[in-house]
Amino acid sequence: MHVLVTTDGTQQSLKATRFLGNLVNPATVAKITVLAVIRPLAAVPFANEFEEGEAKGDGSFTISFRREAQAAVERVAAEMKGLAPVVETTVRAGSPADEIIRVASEIDADLIVVGGRGKSVVGAILIGSVAYRVLHHAPCPVLVTR
């Protein structure tokens with residue numbers, strides 16, 4: 001089984017990763033791909049609750065979207081060690097739901113793992129929840145955790 005694990009750098013995505021580790025039998029998982037997606041022209045930096053930003057000498061912080069996303073996928077990949085013989089990481093730019101669906105198709109994923117924020121169905125439709133869109137357009141089963 002090839003599992004696509006997504007992260008947005010939040011603790012919720014890390015909880016989804018840990019849930020997967022408790023749910024599947026490692027003997028059935030051949031490969032895990034950990035994916036983070038950076039929104040182009042994002043108004044806010046990639047959320048990385050796993051690491052603190054890099055401090056500058058003047059007390060301000062330097063934030064790099066790609067560096068934060070890479071740190072997030074590496075953190076999740078570290079959680080996945082021992083669950084599969086191969087754990088890869090990738091960072092993409094674009095619409096998170098579209099990129100998750102695209103990568104799942106490209107790698108022929110058997111399962112997608114996404115952390116959800118617990119919004120209502122009506123809220124998900126109006127706001128455009130990533131988990132909601134992935135759930136309804138993915139080429140394979142999707143595990144959404146709260």
Side-chain angles (χ1 to χ4, degrees), residues 1-54 61-146:
M1 174 168 54
H2 189 167
V3 181
L4 175 60
V5 176
T6 65
T7 182
D8 61 0
T10 63
Q11 289 297 324
Q12 183 59 38
S13 64
L14 192 57
K15 286 179 186 177
T17 300
R18 291 178 178 151
F19 185 77
L20 173 69
N22 292 326
L23 185 67
V24 300
N25 178 350
T28 64
V29 182
K31 187 174 185 179
I32 296 174
T33 299
V34 182
L35 170 68
V37 181
I38 303 166
R39 296 176 191 262
L41 305 174
V44 295
F46 184 89
N48 185 353
E49 296 175 357
F50 309 146
E51 312 268 333
E52 291 190 20
E54 183 179 313
F61 285 88
T62 300
I63 298 174
S64 161
F65 294 112
R66 181 150 303 271
R67 185 176 60 237
E68 294 298 321
Q70 189 62 46
V73 294
E74 288 172 8
R75 173 72 168 102
V76 170
E79 290 279 332
M80 296 285 91
K81 288 205 190 267
L83 188 60
V86 178
V87 179
E88 295 180 346
T89 62
T90 187
V91 175
R92 297 273 184 107
S95 161
D98 292 344
E99 289 300 316
I100 291 167
I101 293 164
R102 183 174 292 117
V103 169
S105 293
E106 288 172 3
I107 67 172
D108 197 25
D110 297 300
L111 175 68
I112 300 171
V113 178
V114 180
R117 297 230 190 319
K119 295 176 184 164
S120 69
V121 173
V122 173
I125 292 169
L126 294 174
I127 296 170
S129 165
V130 171
Y132 185 84
R133 287 186 56 209
V134 170
L135 182 63
H136 290 282
H137 299 287
C140 62
V142 179
L143 172 64
V144 180
T145 64
R146 280 183 67 166

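This structure is a prediction, so every number in the text was calculated from the model and none was measured.
- Remark: Leu135 CG to Leu143 CG distance equals 10.0 Å, nearest 0.5 Å.
- Rounded to the nearest 0.5 Å, atoms CG (Asp8) and CD (Glu68) are 12.5 Å apart.
- Shown here for Val29 and Pro85, the closest heavy-atom pair between the two residues is O-CD, 3.3 Å.
- Atom CD1 of Ile112 sits about 12.5 Å away from atom CG of Leu20, to the nearest 0.5 Å.
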Side-chain atoms of residues 102-111: list all donor-acceptor pairs with protein atoms under 3.5 Å, sequence neighbours left out, distances to 0.1 Å.
| residue | atom | partner | partner atom | Å |
| --- | --- | --- | --- | --- |
| Arg102 | NH1 | Glu99 | OE2 | 2.4 |
| Ser105 | OG | Ile101 | O | 3.3 |
| Glu106 | OE1 | Arg92 | NH2 | 2.5 |
| Asp110 | OD2 | His2 | N | 2.7 |

Hey, mind stepping through Thr17 and Thr7 against side-chain contact (heavy atoms from CB on, under 4.5 Å) and telling me if it holds? CA-CA 9 Å; Thr17 300; Thr7 182; 6.0 Å; no
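- Heavy-atom minimum distance, Ser13 versus Gly9: OG-N, 3.8 Å.
- Between Ala77 and Val87, the shortest heavy-atom contact is CB-CG1, 3.7 Å.
- Between Ile100 and Leu4, the closest heavy-atom pair is O-CD2, 3.6 Å.
- The side chain to side chain donor-acceptor pair (under 3.5 Å) with Gln70 is formed by just one residue from the set Arg66, Glu74, Arg67; it is Glu74.
- Of the inter-residue distances, the one linking Gln11 atom CD with Arg18 atom CZ reads 7.0 Å to the nearest 0.5 angstrom.
- Applying the side chain to side chain contact (heavy atoms under 4.5 Å, CB included) rule to Asn25 yields the partners Ala27, Thr28; only residues at least two apart in sequence or on another chain are considered.
- Residues forming a ring-ring contact (aromatic ring centres under 6.0 Å, His included) with His136 (at least two apart in sequence, or on another chain): Tyr132.
- Atom CG of Asp98 is separated from atom NE2 of His137 by 9.0 Å, given to the nearest 0.5 angstrom.
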Gln12 and Thr145: CA distance, side-chain angles, deciding distance, side-chain contact (heavy atoms from CB on, under 4.5 Å) verdict: CA-CA 8 Å; Gln12 183 59 38; Thr145 64; 3.7 Å; yes
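- Closest non-hydrogen pair, Val144 versus Ala131, comes out as CG1-CB, 4.0 Å.
- The CD atom of Glu88 sits 8.5 Å away from the OG1 atom of Thr90 when rounded to the nearest 0.5 Å.
- Of all the heavy atoms in Val113 and Val3, the pair that sits closest is CG2-CG1, 3.8 Å.
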